[in-house]
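Encoded as structure tokens, the structure appears first; notes follow it.
Keep in mind that this is a model prediction, so the values were computed, not measured.
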Amino acid sequence: MKNWEEFKIESSELSICGTHIENDSIHVGICWNYENDKKIFHFLNGEIIPIESFYENKFKNYFFNPIDNFYSDDIPSLVGLSRLISKNKINRFIFNKEGIIYDGGIFEFVSGNYNKTNKSSKIINCAAFVIALLNTLNYTLIDWESWPNSNLQQSDYLNIWLEENKIPKDEWEYFYNQSKKIRGKHVLVAPQANSKPAQFEETDRMANEFIFSLQNP
């Protein structure tokens with residue numbers, strides 16, 4: 001893990017990047033180095049998913065964790081897809097920091113639409129966004145099935161989403177079971193995990209140790 005000044009001279013093609021917000025919350029995105037130009041692509045909300053220069057001042061408090069085993073030939077495809085997603089205004093994601101629905105969703109290369117299966121929910125956070133983006137390029141960052149359930153069935157907005165999208169009642173349990181406690185802190189440390197894709201127990205331990213080091217410098 002490197003800070004902005006250390007990473008400035010790095011030649012890594014693809015990295016997870018992130019910044020500490022508060023408590024154990026970390027906002028994450030993707031940083032690529034393509035054609036000698038470093039960009040950061042990150043999910044802010046349903047209609048704001050910007051691609052921005054690494055050199056902007058607001059990124060100087062970010063940390064960077066290279067993904068060393070990403071297939072280099074896929075970088076141009078990732079960049080092109082990211083540009084499509086950034087311009088796409090119809091995905092209508094619903095942001096939730098602590099609980100998301102994820103079952104392997106990916107983006108479409110032609111449109112930038114998030115559309116894996118009929119059961120793909122739009123309830124995500126910045127962490128799930130990064131996972132889905134990489135998964136589109138057949139890179140599995142974390143083993144999301146190993147993550148604990150986030151108990152979203154107790155949340156009104158999930159039930160509202162299910163009703164608005166006319167999901168049959170007998171399928172609601174599926175969405176409850178796919179709600180995961182996937183957070184930005186997990187995604188940021190995942191490239192350092194010994195297991196590939198990263199498993200929950202190891203990743204959660206590393207994430208909490210990283211948070212502790214930030215809060216107790």
Filter on salt bridge (charged side-chain N to carboxylate O under 4.0 Å, His left out), then keep only pairs touching residues 208-217, sequence neighbours left out; what's left? Arg205-Glu209
With sequence neighbours excluded, tell me which residues meet side-chain hydrogen bond (donor to acceptor under 3.5 Å, both in side chains) with Asp170. none
With sequence neighbours excluded, tell me which residues meet side-chain contact (heavy atoms from CB on, under 4.5 Å) with Tyr55. Trp4, Lys8, Lys38, Ser53
Can you list every salt bridge (charged side-chain N to carboxylate O under 4.0 Å, His left out) pair that touches residues 55-67, not counting sequence neighbours? Glu52-Lys58, Glu56-Lys58
Any residue meeting side-chain hydrogen bond (donor to acceptor under 3.5 Å, both in side chains) with Tyr62, in chain and number order, not counting sequence neighbours: none
Run the side-chain contact (heavy atoms from CB on, under 4.5 Å) test on Ile40 and Ile30 for me, step by step, so that the C-alpha distance in whole Å, both residues' side-chain angles and the decisive distance to 0.1 Å come before the verdict. CA-CA 6 Å; Ile40 290 177; Ile30 289 285; over 6 Å; no
side-chain hydrogen bond (donor to acceptor under 3.5 Å, both in side chains) against Asn61, all qualifying residues, sequence neighbours excluded: Thr19
Closest contact, heavy atoms only, Ile75 versus Leu14: CD1-CB, 3.9 Å
Which residues pass the ring pair (Phe, Tyr, Trp, His ring centres under 6.0 Å) test with Phe93, not counting sequence neighbours? Phe43, Tyr114
To the closest 0.5 Å, what do you measure between CG (Asn33) and OG (Ser12)? 8.0 Å
N/O donor to acceptor pairs below 3.5 angstrom from side-chain atoms of residues 193-201, sequence neighbours left out:
residue, atom, partner, partner atom, Å
Asn194, ND2, Glu202, OE2, 3.3
Ser195, OG, Gln199, N, 3.2
Ser195, OG, Glu202, OE1, 3.2
Lys196, NZ, Pro191, O, 2.6
Lys196, NZ, Ala193, O, 3.1
Gln199, NE2, Asp143, OD2, 3.2

If you group Ile, Leu, Val, Met, Phe, Trp and Tyr whenever their side-chain heavy atoms sit less than 4.5 Å apart, what else falls in with Leu84? none
By side-chain hydrogen bond (donor to acceptor under 3.5 Å, both in side chains) - contacts of Ser72 (at least two apart): Glu13
The criterion is ring pair (Phe, Tyr, Trp, His ring centres under 6.0 Å); which residues satisfy it with Tyr102, sequence neighbours excluded? Trp144
Ser111 and Glu108: CA distance, side-chain angles, deciding distance, side chain to side chain donor-acceptor pair (under 3.5 Å) verdict: CA-CA 6 Å; Ser111 63; Glu108 295 178 352; 3.0 Å; yes
Output all residues satisfying ring pair (Phe, Tyr, Trp, His ring centres under 6.0 Å) with His27, sequence neighbours left out; order by chain, then residue number. His42
